[in-house]
Protein chains: 2
Amino acid sequence: MYRIGELAKLCEVKADTLRFYEKHGLLAPSSRSDSGYRLYNESDAERLRFILRAKAVGFTLAEITELLSIELDKSNWACADVKGLVDSKLAQVNEKISELNHFQVSLQRLSDACCGGPESAEHCSILEALESNTDNIKCENHAHHHDKSQYTKNCQSKG
Amino acid sequence: MYRIGELAKLCEVKADTLRFYEKHGLLAPSSRSDSGYRLYNESDAERLRFILRAKAVGFTLAEITELLSIELDKSNWACADVKGLVDSKLAQVNEKISELNHFQVSLQRLSDACCGGPESAEHCSILEALESNTDNIKCENHAHHHDKSQYTKNCQSKG
DNA sequence: ATAAACCTTGGAGTTTAATCTAAGGTCAAG
DNA sequence: CTTGACCTTAGATTAAACTCCAAGGTTTAT
Ligand SMILES: [Zn+2]
Ligand SMILES: [Zn+2]
Ligand SMILES: [Zn+2]
Ligand SMILES: [Zn+2]
């Protein structure tokens with residue numbers, strides 16, 4: 001039997017997190033001591049590890065609640081159900097990745113267009129890009145070139 | 001001069017969003033009508049577009065607040081400052097992408113290991129993976145093969 | 001026996017970006 | 001002069017997953 005702090009340390013989470021999981025129905029200690037301390041057994045610890053593994057692949061606690069309800073009643077669920085949860089998560093993750101890739105490309109383009117030097121930002125290509133309606137930064141056209149070598153350094157990749 | 005609903009429609013945001021931006025110091029209407037209605041001019045609209053462009057490349061409103069304070073006082077800032085904000089955002093985005101890529105790979109592996117059929121989840125490879133301490137799913141070893149052709153279909157890529 | 005380290009509870013705070021509600025004032029059309 | 005669309009305010013709510021707090025009770029070691 002583990003007390004809350006022991007299980008927390010064992011699984012590298014905080015005691016607060018275990019209380020939070022309990023409050024939200026993910027994991028309750030199987031017993032209490034006479035003085036009211038939570039007592040977790042090995043099976044509780046296994047359940048916690050299940051939760052943490054599911055978190056490690058990106059599931060939210062709400063989704064983990066679903067997974068746990070399947071896990072505890074496997075024979076009444078099909079592989080299709082389980083795979084459905086995984087595939088739906090996968091789709092969400094892919095969507096998010098593609099949004100972030102979009103950000104990544106845009107930010108990289110902004111970064112590449114700016115000399116990053118100590119010169120005044122009055123003609124900074126980044127600010128100019130955010131001011132104008134184009135989301136394209138044309139490195140060869142920009143009005144910003146306080147320093148020839150810097151300019152060349154930053155713009156050579158685009159001609 | 002635009003009333004709040006007009007500017008909202010023009011820029012495809014909700015009036016609530018504009019009030020929210022005002023409350024948080026991002027964008028205030030340059031005047032009010034006699035009856036207290038917000039009135040935005042062309043320069044307010046430009047500022048809103050700046051905000052929306054910055055959002056479109058992934059900046060949070062707090063970061064946009066910083067960008068705006070630079071934008072309004074360009075000569076007292078250097079390219080280095082602006083590029084610093086972009087690069088720091090870029091680093092955050094890259095970090096998030098790499099976390100999501102990790103999720104993506106794990107989820108794909110889980111999905112690939114499961115037949116996804118109508119059979120009972122009692123021996124589902126996904127659940128087994130979440131129960132065990134390995135984060136590796138060994139397709140050729142798993143205990144789950146209710147249906148030979150399905151099994152082959154899902155596992156052929158790994159031998 | 002007393003200090004340190006642990007535990008209990010309920011509830012508030014954090015972050016982000018809105019979104020919604022209630023209760024009421026304004027404006028243009030018919 | 002009334003209907004409907006629009007506007008005002010302050011404040012509550014949402015999602016996610018904790019994290020922290022106060023005020024007190026328990027255990028353990030010295
Ligand atoms: Zn520069
Ligand atoms: Zn610059
Ligand atoms: Zn199966
Ligand atoms: Zn399965």
Side-chain angles (χ1 to χ4, degrees), chain A residues 1-40 44 48 50-68 88-89 92-93 95-96 99-100 103, chain B residues 1-40 44 48 50-68 88-89 92-93 95-96 99-100 103:
Chain A
M1 293 298 221
Y2 310 103
R3 287 192 312 185
I4 195 168
E6 291 167 345
L7 180 60
K9 186 164 292 180
L10 189 64
C11 292
E12 297 174 281
V13 296
K14 298 203 174 159
D16 271 336
T17 302
L18 297 181
R19 287 190 205 99
F20 177 82
Y21 287 174
E22 182 174 352
K23 187 156 56 182
H24 288 75
L26 282 103
L27 175 69
S30 44
S31 58
R32 293 274 183 146
S33 75
D34 289 349
S35 57
Y37 284 18
R38 290 168 177 82
L39 294 174
Y40 299 87
D44 297 332
L48 175 56
F50 183 101
I51 293 168
L52 297 178
R53 278 179 215 114
K55 258 179 69 66
V57 302
F59 284 109
T60 64
L61 298 186
E63 291 158 346
I64 294 171
T65 299
E66 279 194 86
L67 281 170
L68 282 168
S88 136
K89 189 73 212 176
Q92 282 172 42
V93 165
E95 194 173 340
K96 191 76 188 162
E99 184 192 17
L100 288 175
F103 291 165
Chain B
M1 293 300 221
Y2 309 104
R3 287 190 312 184
I4 196 168
E6 290 167 346
L7 180 59
K9 188 163 291 181
L10 189 65
C11 292
E12 298 173 281
V13 297
K14 299 205 173 156
D16 272 337
T17 302
L18 297 181
R19 287 190 205 99
F20 177 82
Y21 287 175
E22 181 175 353
K23 188 156 56 180
H24 289 75
L26 282 103
L27 175 67
S30 45
S31 57
R32 293 274 183 147
S33 75
D34 288 349
S35 56
Y37 285 17
R38 290 169 178 81
L39 295 174
Y40 299 88
D44 297 332
L48 176 56
F50 183 101
I51 292 167
L52 297 179
R53 278 178 216 116
K55 259 178 69 68
V57 301
F59 285 109
T60 63
L61 299 186
E63 290 159 348
I64 294 170
T65 299
E66 279 194 86
L67 281 170
L68 282 168
S88 136
K89 189 73 211 176
Q92 282 171 42
V93 166
E95 195 173 340
K96 192 75 189 163
E99 185 192 15
L100 288 175
F103 291 165

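All values below come from the heavy atoms of this structure, side chains included, with hydrogens, waters and symmetry mates left out. Please read all numbers here as calculations on a predicted model, not as lab measurements.
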Validation row: Leu10(B), Tyr2(B) side chains within 4.5 angstrom (heavy atoms): yes
Rounded to the Å, how far apart are [X] [atom1] and [N] [atom2]?
{"X": "Leu27(A)", "N": "dA17(D)", "atom1": "CG", "atom2": "C1'", "result": "15 Å"}
{"X": "Glu22(B)", "N": "dC7(D)", "atom1": "CD", "atom2": "P", "result": "13 Å"}
{"X": "Leu10(A)", "N": "dC6(C)", "atom1": "CG", "atom2": "P", "result": "15 Å"}
{"X": "Leu61(B)", "N": "dT19(C)", "atom1": "CG", "atom2": "C1'", "result": "14 Å"}
{"X": "Phe20(B)", "N": "dC20(C)", "atom1": "CZ", "atom2": "C1'", "result": "14 Å"}
{"X": "Leu18(A)", "N": "dC18(D)", "atom1": "CG", "atom2": "P", "result": "10 Å"}
{"X": "Leu39(A)", "N": "dC7(C)", "atom1": "CG", "atom2": "C1'", "result": "11 Å"}
{"X": "Lys14(B)", "N": "dC20(C)", "atom1": "NZ", "atom2": "C1'", "result": "9 Å"}

Whether Glu66(A) side chain and Glu63(A) backbone form a donor-acceptor pair below 3.5 Å: no
Short side-chain to backbone donor-acceptor contact, Lys89(B) and Gly58(B), under 3.5 Å: yes
Touch class at under 4.0 angstrom, heavy-atom based, for Lys55(A) against every strand present: sugar-phosphate
Phosphate contact (dA17(C) OP1 or OP2) by Thr17(B) side-chain N/O below 4.0 Å: no
Distance below 4.0 Å between Ser35(B) side-chain N/O and dT8(D) OP1 or OP2: no
Nearest-nucleotide 5' precedence on DNA chain D, Asp34(A) against Asp16(A): Asp16(A)
First of Ser33(A) and Tyr21(A) reached from the 5' end of DNA chain D, by closest nucleotide: Tyr21(A)
5'-most by nearest nucleotide on DNA chain C - Tyr37(A) or Lys23(A): Tyr37(A)
Candidates [options] - which lies nearest the side chain of [X]:
{"X": "Arg38(A)", "options": "dC18(D), dA17(C), dT9(C)", "result": "dT9(C)"}
{"X": "Arg3(A)", "options": "dA17(D), dC27(C), dC7(C)", "result": "dC7(C)"}
{"X": "Arg32(B)", "options": "dT19(D), dT9(D), dA18(C)", "result": "dT9(D)"}
{"X": "Arg19(B)", "options": "dT16(C), dT8(D), dT8(C)", "result": "dT8(D)"}

Electrostatic pair Arg19(B):Glu22(B) at N-O distance under 4.0 angstrom: no
Glu99(A)/Lys96(A) ion pair, N-O < 4.0 Å: yes
